[in-house]
Amino acid sequence: MDAKISVSHIGGSVAVPPSKSAAHRAVLCAALAGGTSRIDNIEYSDDIRATLGAVRQLGARVSCDQTSVTIQGCGGGFATVTRPVFCNESGSTLRFLIPVFSLTAQKIKFTGAGRLFARPQEIYRALFTKQALRFEQAPDSLTIFGRLRPGVFTLPGDVSSQFISGLLFAAPLLESDSTIQVLPPFESHSYVGMTMDALARFGVRTAQTSGPEGKTILTIPAPQRYRSCNMSVEGDYSQAAFPAVLGTLTGGVTVTGLSPDSHQGDKVILDILRRCGGKFSVSADGVRFERSLLRAAPIDLADCPDLGPVLMAMACFCSGTTVITNAGRLRLKESDRIAAMQTELAKFGGKVKSSGGTITIEGGALHAPETPLDGHNDHRVVMSLAVAALGAGVPALIRGANAVAKSWPEFFDAMRGIGARVELTGTEE
């Protein structure tokens, strides 16, 4: 699908979709619980559909309404898995479920799409090998066989918090207590906090303390049982970043559906915008962003890597030179997001340089791209390029715009709702 963006007058209100990170966690906890849970405010992105399909294979019974899902959990009584577990392109689905599916003590094959199996899995490989369990990765699949045993798990904190969360989901169902030692630096720790919050909501106890040499110690008593509960998924700050940045570039955009008490790490978008001179106000109606003269400020992505692409776009509009650090993990996402954004922003005249995990961007006026933009099969790249075009007030054509279905299927409808002139071609809308 192509998205043809024309010069637009932006203004109005955007309701952000529910947090994909929170929804993954809620669905998995509900599937592991005894009894029936109802989860409201669900959006059926490709990633969430992958997780719902996987928990059905665990033995959970799932009933989907338009904006809610009812899950009768398996309560630890796992089903016989008779076919591969399809994770699509969702790293969260795969990494959360590898330890959980190991508890079935069955041979499990995970499959997926895109670059999913190009993402590193060495943390789990080492862990499974240490326990003499099978762990085999092919270019398009991953196979495990054997049940994880409780104990002390030592993990680096600078690869992906998804490995830590995966162990947190499985450890309460083991035969005895487990401890996870996270080595410094502990990046994306807020995502682990979200996992612990979800576990607590479903009746599972965990504890976090500081250990020697800067380690973070997570203690999980076991055996425990997940308890069903009803809940509503909060709005997604990582998705809110797109209309928020656009609002500071054009003015008059209100973002609704966000919890001011959220523990999401990507809530830091508000602090980053503030430090860059972004003007906004918070009220009961939402967060209203006004047109602002943005200036460069240092940005650290250690705890908010998903914000990387849209912040690269934003930096092009900042006076001065923006330096973004700890961005290395952007190279291991659905695309190499640093290379993708560097290539596409250059078509606008953006001056972006990168070296390893550091990105340097010189602010300046952007012009209309003379050639089509490539979405690189990456939802966050597509949305960031749309923000760049709309913010600069220039026309642009984005190839592969259907990638937004991974996390925000209604993104372009939402942009139209605030005045964006977008024509989608190449597929039914």
Side-chain angles (χ1 to χ4, degrees), residues 24-25 28-34 54-55 57-60 73-81 85 92-108 110 121-136 142-157 159-184 186 189 191-213 215-228:
H24 278 302
R25 288 161 171 79
L28 183 49
C29 287
L32 295 173
V55 300
Q57 291 179 257
L58 272 178
C74 55
F78 300 116
T80 300
V81 182
V85 180
S92 295
T93 302
L94 177 64
R95 289 171 173 164
F96 287 176
L97 289 177
I98 286 173
V100 172
F101 269 90
S102 82
L103 302 183
T104 70
Q106 302 172 55
K107 181 181 177 181
I108 305 293
F110 297 93
Q121 306 294 340
E122 291 304 315
I123 303 287
Y124 282 154
R125 181 189 301 277
L127 187 155
F128 274 64
T129 300
K130 184 177 180 179
Q131 293 200 2
L133 307 176
R134 182 175 173 183
F135 189 98
E136 298 176 354
L142 189 156
T143 300
I144 63 171
F145 186 28
R147 180 181 169 88
L148 279 175
R149 298 186 298 277
V152 177
F153 304 96
T154 301
L155 279 70
V159 180
S160 172
S161 64
Q162 292 169 351
F163 297 109
I164 302 167
S165 288
L167 289 175
L168 282 168
F169 287 121
L173 300 177
L174 298 177
E175 298 77 37
S176 58
D177 299 356
S178 292
T179 300
I180 302 173
Q181 298 186 96
V182 184
L183 304 178
F186 188 0
H189 57 83
Y191 288 98
V192 174
M194 288 183 68
T195 301
M196 296 173 73
D197 286 347
L199 292 171
R201 186 183 289 269
F202 284 85
V204 172
R205 293 175 290 111
T206 60
Q208 176 177 320
T209 57
S210 298
E213 300 175 342
K215 297 177 183 176
T216 299
I217 309 298
L218 307 176
T219 304
I220 309 98
Q224 296 188 66
R225 299 179 70 88
Y226 285 78
R227 297 196 303 268
S228 60

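As the structure is a computational prediction, the values presented were derived from the model and not from experiment.
- Counting heavy atoms from C-beta on, the side chains of Leu167 and Phe163 never come closer than 4.5 Å.
- Nearest heavy atoms, Ala222 versus Ala171: CB-O, 3.5 Å.
- Here the side chains of Leu183 and Leu155 are not in contact, with every heavy-atom distance at 4.5 Å or above.
- The backbone N or O of Ile98 lies less than 3.5 Å from no partner atom in the side chain of Tyr124, so there is not a single donor-acceptor pair.
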- Item | Phe186 and Val192: CA distance, side-chain angles, deciding distance, side chain to side chain contact (heavy atoms under 4.5 Å, CB included) verdict | CA-CA 10 Å; Phe186 188 0; Val192 174; 3.7 Å; yes

- Item | Test log, rule side chain to side chain contact (heavy atoms under 4.5 Å, CB included), inputs Leu133 and Phe145 | CA-CA 6 Å; Leu133 307 176; Phe145 186 28; over 6 Å; no

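- Annotation: side chain of Gln208 is in contact with side chain of Thr216 (closest heavy-atom distance under 4.5 Å).
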- Report the C-alpha distance between Phe128 and Leu148 in whole Å, list the side-chain angles of each, state the deciding distance to 0.1 Å, and finish with yes or no for side chain to side chain contact (heavy atoms under 4.5 Å, CB included). CA-CA 8 Å; Phe128 274 64; Leu148 279 175; 4.1 Å; yes

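- Between the side chain of Gln224 and the main chain of Arg205, a donor-acceptor pair closer than 3.5 Å is present.
- Side-chain contact check for Asp177 versus Ile220: every heavy-atom pair is 4.5 Å or farther apart.
- Side-chain atoms of Tyr226 never come within 3.5 Å of backbone atoms of Ala30 as a donor-acceptor pair (strictly under, hydrogens ignored).
- Scanning all heavy atoms of the two residues, the minimum distance from Pro223 to Glu175 falls at CD-O, 3.4 Å.
- Side-chain contact check for Thr93 versus Phe110: every heavy-atom pair is 4.5 Å or farther apart.
- Listed here is the closest heavy atom pair of Ala60 and Cys74: N-CB, 4.2 Å.
- Remark: Thr195 pairs with Arg25, Ser165, Leu168, Phe169, Leu199 by the side-chain contact (heavy atoms from CB on, under 4.5 Å) rule, at least two apart or across chains.
- The closest side-chain heavy-atom distance from Leu28 to Leu32 is below 4.5 Å.
- Shown here is Arg147, whose CZ atom has more than 12 heavy atoms of other residues, nucleotides or ligands within 6.0 Å.
- Proximity of a side-chain donor or acceptor of Gln131 to a complementary backbone N or O of Arg149 within less than 3.5 Å is detected.
- Taking all atoms of both residues into account, the shortest heavy-atom contact from Gly75 to Arg225 is O-NH2, 4.0 Å.
- Thr179 has its side chain out of reach of Leu218: every pair of non-hydrogen atoms, C-beta onward, lies at least 4.5 Å apart.
- With sequence neighbours excluded, the residues that form a side-chain contact (heavy atoms from CB on, under 4.5 Å) with Val81 are Gln57, Val85, Phe101, Gln106, Ile108.
- Residues Thr143 and Arg134 bring no donor and acceptor atom of their side chains to less than 3.5 Å of each other.
- For the residue pair Gln162 and Ser92, the shortest heavy atom distance occurs at NE2-OG, 3.1 Å.
- Heavy atoms only, all atoms of each residue included: Ile123 and Pro156 are closest at CD1-CG, 3.3 Å.
- Atom CE of Met196 is separated from atom CD1 of Ile164 by 10.5 Å, given to the nearest 0.5 angstrom.
- Contact annotation: the side chain of Gln121 approaches that of Leu94 to within less than 4.5 Å [non-hydrogen atoms, C-beta and beyond].
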- Step by step, would you call Arg95 with Ser160 a side chain to side chain contact (heavy atoms under 4.5 Å, CB included)? CA-CA 10 Å; Arg95 289 171 173 164; Ser160 172; 3.2 Å; yes

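- Under the 4.0 Å criterion applied to side-chain N and carboxylate O atoms, Glu136 and Lys107 are not assigned as salt-bridge partners.
- Here the straight-line distance linking atom OG of Ser178 with atom CZ of Phe153 works out to 4.5 Å at 0.5 Å rounding.
- In this structure, the side-chain contact (heavy atoms from CB on, under 4.5 Å) partners of Thr129, at least two apart in sequence or on a different chain, are Arg125.
- Residue-environment remark: CD (Glu213) stays at or below the threshold of 12 foreign heavy atoms within 6.0 Å.
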